[in-house]
Amino acid sequence: MTSNPSALDPAVTERIGAFLRARGLRRTASRIQVLAVLEPVNGHLAVAEIHGRVRACLLEGAQPPDVATIYRTVTTLVDQGVLHALTLDDGVTTYGLATAPHHHAVCTQCASIIEVPARRLSTALEHAMAGSSFSLSDRAGLTLRGLCPQCQSRQTQ
Ligand SMILES: [Zn+2]
Ligand SMILES: [Zn+2]
């Protein structure tokens with residue numbers, strides 16, 4: 001086994017490896033690859049997208065994982081509370097980091113999902129609780145709908 005089994009940038013492997021170790025999780029190549037792809041997204045991706053991006057960012061000559069491996073890895077990380085799943089109206093399940101409380105903004109055009117930090121919406125949740133008899137926490141999971149930055153710029157072109 002080489003010192004860099006994930007076939008990613010060594011600095012990324014190192015950082016995500018430390019993240020997994022801090023949670024008492026095994027540092028497998030596929031876990032590091034999945035988290036390396038999701039980390040900069042600041043949103044959610046479907047398994048097929050995660051798989052495509054992992055393939056794209058592996059170092060040259062590396063053996064890419066198959067979709068089944070990515071799916072298993074994602075499921076394990078959900079069980080461990082590192083990722084969480086969100087299923088949209090079209091039935092596609094997407095996955096994002098669960099490490100900080102957040103809500104989701106979904107693009108009505110391209111279905112991309114961006115995470116909105118929960119603290120920015122805490123006042124909105126307080127108002128919503130006052131106006132309904134629902135108990136809503138930071139983990140309530142609001143889903144907001146609108147246009148993502150890419151689709152906005154496409155519209156103005
Ligand atoms: Zn999320
Ligand atoms: Zn969009």
Side-chain angles (χ1 to χ4, degrees), residues 1-121 136-154:
M1 195 150 146
T2 67
S3 60
N4 186 12
S6 72
L8 294 170
D9 183 309
V12 173
T13 306
E14 180 67 32
R15 186 163 40 80
I16 294 175
F19 169 91
L20 287 169
R21 194 171 47 220
R23 283 170 171 69
L25 299 172
R26 265 196 317 130
R27 288 163 286 164
T28 67
S30 59
R31 286 179 191 182
I32 292 170
Q33 288 161 350
V34 165
L35 292 173
V37 162
L38 281 174
E39 206 182 35
V41 167
N42 196 27
H44 282 231
L45 293 175
V47 166
E49 289 169 303
I50 296 172
H51 183 238
R53 292 191 191 202
V54 164
R55 292 179 71 107
C57 69
L58 292 184
L59 300 177
E60 215 173 310
Q63 176 71 37
D66 56 23
V67 185
T69 303
I70 297 290
Y71 186 79
R72 261 200 318 275
T73 304
V74 159
T75 306
T76 307
L77 290 172
V78 169
D79 290 344
Q80 301 292 341
V82 177
L83 299 182
H84 75 151
L86 181 72
T87 305
L88 291 179
D89 308 343
D90 59 7
V92 175
T93 300
T94 62
Y95 299 89
L97 290 172
T99 42
H102 63 269
H103 304 293
H104 303 98
V106 182
C107 179
T108 50
Q109 203 115 95
C110 71
S112 68
I113 302 170
I114 295 165
E115 296 185 339
V116 183
R119 71 190 127 71
R120 296 209 195 140
L121 287 171
L136 303 165
S137 76
D138 269 358
R139 305 224 170 240
L142 294 179
T143 304
L144 310 165
R145 284 166 209 281
L147 282 182
C148 74
Q150 281 92 334
C151 291
Q152 285 173 46
S153 63
R154 228 172 278 147

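Residue numbers run from 1 in the order of the sequence given. Please read all numbers here as calculations on a predicted model, not as lab measurements.
Not one N or O on the side chain of Glu115 forms a donor-acceptor pair closer than 3.5 Å with the backbone of His102. Although no hydrogens or angles enter the test, the distance criterion places a donor-acceptor pair under 3.5 Å between the side chain of His103 and the main chain of Leu142. Thr94 contributes a side-chain N or O that, together with a main-chain N or O of Leu86, makes up a donor-acceptor pair within less than 3.5 Å.
Atom CD of Glu14 sits about 11.0 Å away from atom CD1 of Ile16, to the nearest 0.5 Å. Between the CD atom of Gln109 and the CD atom of Gln152 there is a distance of 10.5 Å, given to the nearest 0.5 Å. Note: Ile50 CD1 to Arg55 CZ = 14.5 Å, rounded to the nearest 0.5 Å. To the nearest 0.5 Å, the span separating CD on Gln33 from SG on Cys57 amounts to 7.5 Å. Remark: Glu49 CD to Ser112 OG distance equals 9.0 Å, nearest 0.5 Å. One distance of note links OG1 of Thr108 with CG of Leu144; it measures 12.0 Å at 0.5 Å rounding.
In this structure, Val54 and Pro64 have side chains that are not in contact, with every pair of non-hydrogen atoms separated by 4.5 Å or more. When side chains are defined from C-beta on, Ile32 counts as touching Arg27, because their heavy atoms get closer than 4.5 Å. Pro65 places a side-chain heavy atom less than 4.5 Å from the side chain of Leu58. Side chains of Leu20 and Arg31 form a contact here, defined as non-hydrogen atoms less than 4.5 Å apart. Looking at Thr75 and Leu83, their side chains never come closer than 4.5 Å, going by heavy atoms from C-beta outward. Contact annotation: the side chain of Val41 approaches that of Arg53 to within less than 4.5 Å [non-hydrogen atoms, C-beta and beyond]. You'll find the side chain of Val47 stays beyond 4.5 Å of the side chain of Thr93, heavy atoms only. Counting heavy atoms from C-beta outward, His51 and Thr69 have side chains that stay 4.5 Å or more apart.
Contact detail for Ser153 and Gln150: the closest heavy-atom pair is OG-O, 2.9 Å. Residues Ser30 and Thr73 come closest through the heavy atom pair OG-OG1, 2.9 Å. Annotation for Ala36 and Val12: closest pair CB-CG1, 3.6 Å, computed over non-hydrogen atoms. Shortest non-hydrogen contact noted between Glu39 and Leu97 is CA-CD1, 3.9 Å. Residue Leu88 comes nearest to Ala111 through the heavy atom pair CD1-O, 4.0 Å, listed as atom of the first residue, atom of the second, then distance. In plain terms, the two heavy atoms of Cys148 and Cys107 that are nearest each other are N-SG, 3.3 Å.
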Exercise for the section: Please test Ile70 against Asp66 for side-chain contact (heavy atoms from CB on, under 4.5 Å), starting from the C-alpha separation and ending with a verdict. Expected result: CA-CA 7 Å; Ile70 297 290; Asp66 56 23; over 6 Å; no

Handout entry: Full working for side-chain contact (heavy atoms from CB on, under 4.5 Å) between His84 and His44
Key = CA-CA 9 Å; His84 75 151; His44 282 231; 3.1 Å; yes

Problem - CA sep, side-chain torsions, deciding dist, call: Leu8, Leu59, side-chain contact (heavy atoms from CB on, under 4.5 Å) - result: CA-CA 6 Å; Leu8 294 170; Leu59 300 177; 5.7 Å; no

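Judged by the 6.0 Å distance and 45° axis criteria, Arg23 is positioned over the aromatic ring of Phe19.
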